[in-house]
Amino acid sequence: MLTVKWENNSVVLIDQTKLPNKLEYVKCKNYEEVAEAIKKLVVRGAPAIGVTAAFGLALAAQASNAKTKDGLMTDLDIAFKVLRATRPTAINLFWALNRVMGKAKKAKTRDGAKKVVLDEALKMSNEDINANRQIGANGSKLFLDGDIVLTHCNAGSLATVAYGTALGVIRAARESGKRLSVIVTETRPVMQGSRLTAFELQHDGIDVSLIPDTAVGHMMSRGAIKRVIVGADRVLRTGHVFNKIGTYQVAILANKHKVPFYVAAPLSTFDFESNPSDVVIEERSVDEVIKIGKKRIAPRRVRVFNPAFDMTPPDLITGIITERGVLKPPFVKSLKALLG
Ligand code: MRU
């Protein structure tokens with residue numbers, strides 16, 4: 001089951017807004033539909049967003065009637081701008097779009113550029129699955145048989161093309177014969193934990209329990225959580241990790257209770273240029289907070305803040321698991337060594 005795939009000249013996505021009640025697919029036939037799907041969280045999770053956007057450019061290339069290479073590049077640039085404005089925090093979106101545009105620019109002819117855009121998007125899709133498998137292999141060594149592991153949000157198969165990053169590590173640990181139990185936070189307000197992670201783990205027969213976000217401290221104080229593993233939307237060269245809102249407070253609690261806190265992320269999620277204050281934290285609709293489904297759960301006119309991500313500083317992180325190896329603090333140094 002692939003979260004995103006290229007099929008019959010369209011982009012096919014699992015509709016994550018319908019899970020866990022219905023497993024339905026959405027077919028995007030043009031880049032505008034792809035952009036809408038990313039905005040509405042039909043597809044979400046940093047690596048999945050990146051690959052989907054790359055396929056969006058492939059749709060734009062396919063639809064272009066331009067007669068020349070320059071004309072095609074103008075059409076691609078319009079699509080590029082629309083796609084890059086969909087969500088601001090996950091770096092994979094910008095990484096994927098820049099990579100595909102770079103390849104298109106280098107092509108000599110219009111037809112060559114059209115072909116390379118799709119080839120590159122397909123390549124990225126395969127690379128994502130391989131990177132996740134490798135993250136799994138590297139990370140599973142850090143987990144012990146019988147561990148009770150907490151994860152926040154969904155960094156699973158549904159957040160990537162397949163297999164997942166944080167959940168990929170859990171899958172790999174299980175494949176190596178370790179029995180792990182997973183505790184999932186609901187992840188208010190969009191409920192990626194209860195709707196997606198609980199669904200995904202249950203589907204794979206992995207032991208899973210759901211807790212309210214507010215129960216993390218209590219569970220840790222009772223010794224009921226042995227390790228934490230989460231994904232990331234952006235990792236800075238300093239080891240600052242941007243991830244789903246609530247990650248920071250889980251990291252503080254883990255630190256207080258001496259529970260190792262791991263981040264699993266492919267190198268496509270690393271941002272080697274930005275400083276913490278440069279990163280835009282997405283602010284989402286107030287409706288996500290004041291309503292559950294269609295039912296209002298807050299008074300009218302109440303002021304609402306709804307930041308979708310937060311930043312966990314490096315001093316709270318035990319290790320960052322990548323496809324090339326596990327980074328240990330100090331991250332500036334270990335990242336330099338890893339990249340050679
Ligand atoms: O708003 P979302 O659902 O796109 O946020 C997703 C996350 O925060 C994930 O933890 C992150 O993208 C890592 S996915 C491997």
Visitor: Give the minimum heavy-atom separation between K178 and F143, together with the two atoms involved.
Guide: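 That would be NZ-O, 2.8 Å.
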Visitor: Should D271 and F94 be marked as a side-chain contact (heavy atoms from CB on, under 4.5 Å) after you check the CA-CA gap, both sets of side-chain angles, and the distance that decides it?
Guide: CA-CA 10 Å; D271 175 350; F94 311 104; over 6 Å; no
Visitor: Any heavy-atom pair between the side chains of T160 and T3 that's under 4.5 Å?
Guide: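 The answer is no, as the side chains (C-beta and beyond) never meet within the 4.5 Å cut-off.
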Visitor: Just checking, any donor-acceptor pair under 3.5 angstrom between side chains of Q16 and R44?
Guide: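 Yes, because at least one side-chain N or O of Q16 sits under 3.5 Å from a partner of the opposite role on R44.
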Visitor: Please tell me whether V235 and L335 are part of a single hydrophobic cluster in this structure, the criterion being side-chain heavy atoms less than 4.5 Å apart.
Guide: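 Yes.
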Visitor: Are there more than 12 heavy atoms of other residues, nucleotides or ligands under 6.0 Å from atom CD of Q202?
Guide: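 Atom CD in Q202 is not crowded, with 12 or fewer foreign heavy atoms closer than 6.0 Å.
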Visitor: Is there a donor-acceptor contact under 3.5 Å from the side chain of T165 to the main chain of A265?
Guide: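 Checking the backbone N and O of A265 against the side chain of T165, no donor-acceptor pair under 3.5 Å is found.
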Visitor: Could you go through the salt bridge (Lys or Arg N to Asp or Glu O under 4.0 Å) check for R188 and E186 one step at a time?
Guide: CA-CA 6 Å; R188 281 271 307 152; E186 288 178 298; over 6 Å; no
Visitor: Which pair of non-hydrogen atoms, one from V228 and one from A254, has the smallest distance, and what is that distance?
Guide: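 Result for this residue pair: CG2-CB, 4.3 Å.
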Visitor: Output the rest of the hydrophobic cluster of Y248: all Ile, Leu, Val, Met, Phe, Trp and Tyr residues reachable through side-chain heavy-atom contacts under 4.5 Å, sorted by chain and number.
Guide: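 For the cluster that includes Y248, the remaining residues are I252, L316.
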Visitor: In Å, rounded to the nearest 0.5 Å, how long is the span from CG of N92 to CG of D233?
Guide: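 It comes to 7.5 Å.
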Visitor: Checking side chain to side chain contact (heavy atoms under 4.5 Å, CB included) between R227 and each of L144, L150, L142, which is the one that passes?
Guide: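 The option that passes is L144.
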Visitor: Compare every heavy atom of L13 with every heavy atom of C28, then report the nearest pair and how far apart it is.
Guide: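 Scanning both residues, the minimum pair turns out to be SG-CD1, 3.9 Å.
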Visitor: What's the separation between atom CG in D278 and atom CD in E273, rounded to the nearest 0.5 Å?
Guide: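 Rounded to the nearest 0.5 Å, the CG-CD separation comes to 10.0 Å.
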Visitor: Any idea which heavy atoms bring S285 and N306 closest together, and the distance?
Guide: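 Heavy-atom minimum between the residues: O-ND2, 2.9 Å.
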Visitor: Could you tell me if R133 sits above the aromatic ring of Y163, with its cationic atom closer than 6.0 Å to the ring centre and no more than 45 degrees from the axis?
Guide: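 Yes - R133 lies over the ring of Y163, closer than 6.0 Å to its centre and within 45° of its axis.
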Visitor: Does any non-hydrogen side-chain atom of E282 lie less than 4.5 Å from one of P307?
Guide: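 Counting from C-beta outward, P307 and E282 never come under 4.5 Å.
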Visitor: Rounded to the nearest 0.5 Å, what separates atom NZ in K105 from atom CG in D77?
Guide: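 Result: 7.0 Å between the selected atoms.
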Visitor: Hey, are N8 and S10 close enough side-chain-wise for a donor-acceptor pair under 3.5 Å?
Guide: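 No, because no side-chain N or O of S10 sits under 3.5 Å from a partner of the opposite role on N8.
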Visitor: Counting C-beta onward and ignoring hydrogens, is there a side-chain heavy-atom pair between S221 and H257 closer than 4.5 Å?
Guide: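 Result yes, sub-4.5 Å side-chain heavy-atom pair found.
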Visitor: Starting at CZ of R234, measure out to OG1 of T89 and round the result to the nearest 0.5 Å.
Guide: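 Result: 7.0 Å between the selected atoms.
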Visitor: Can you see which heavy atom on A162 is nearest to which on N132, and at what distance?
Guide: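 So the minimum-distance heavy-atom pair works out to O-ND2, 3.0 Å.
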Visitor: Can you list the other members of the hydrophobic cluster that holds I245, where links are side-chain heavy atoms under 4.5 angstrom apart?
Guide: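 I245 clusters with nothing; isolated.
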Visitor: How long is the straight-line distance from CG of L210 back to CZ of R195, given to the nearest 0.5 Å?
Guide: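 Spacing of CZ (R195) from CG (L210) equals 12.5 Å.
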Visitor: Working to the nearest 0.5 angstrom, can you tell me the gap between N98 CG and R84 CZ?
Guide: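 One finds 6.5 Å between CG of N98 and CZ of R84.
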Visitor: Pair I129, L2 - check side-chain contact (heavy atoms from CB on, under 4.5 Å), show working.
Guide: CA-CA 10 Å; I129 302 174; L2 297 180; 4.1 Å; yes
Visitor: Before accepting this row, confirm whether a basic side-chain N of the pair K115/D111 lies closer than 4.0 Å to the acidic partner's carboxylate O.
Guide: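 Judged by the 4.0 Å cut-off on N to carboxylate O distance, K115 and D111 do not form a salt bridge.
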Visitor: Among T151, I148, D147, exactly one meets side chain to side chain contact (heavy atoms under 4.5 Å, CB included) together with V182. Which residue is that?
Guide: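 Only match with V182 under side chain to side chain contact (heavy atoms under 4.5 Å, CB included): T151.
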Visitor: Please report the shortest heavy-atom distance between T187 and G193, naming the atom on each side.
Guide: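 In this case the closest contact between T187 and G193 is OG1-N, 3.4 Å.
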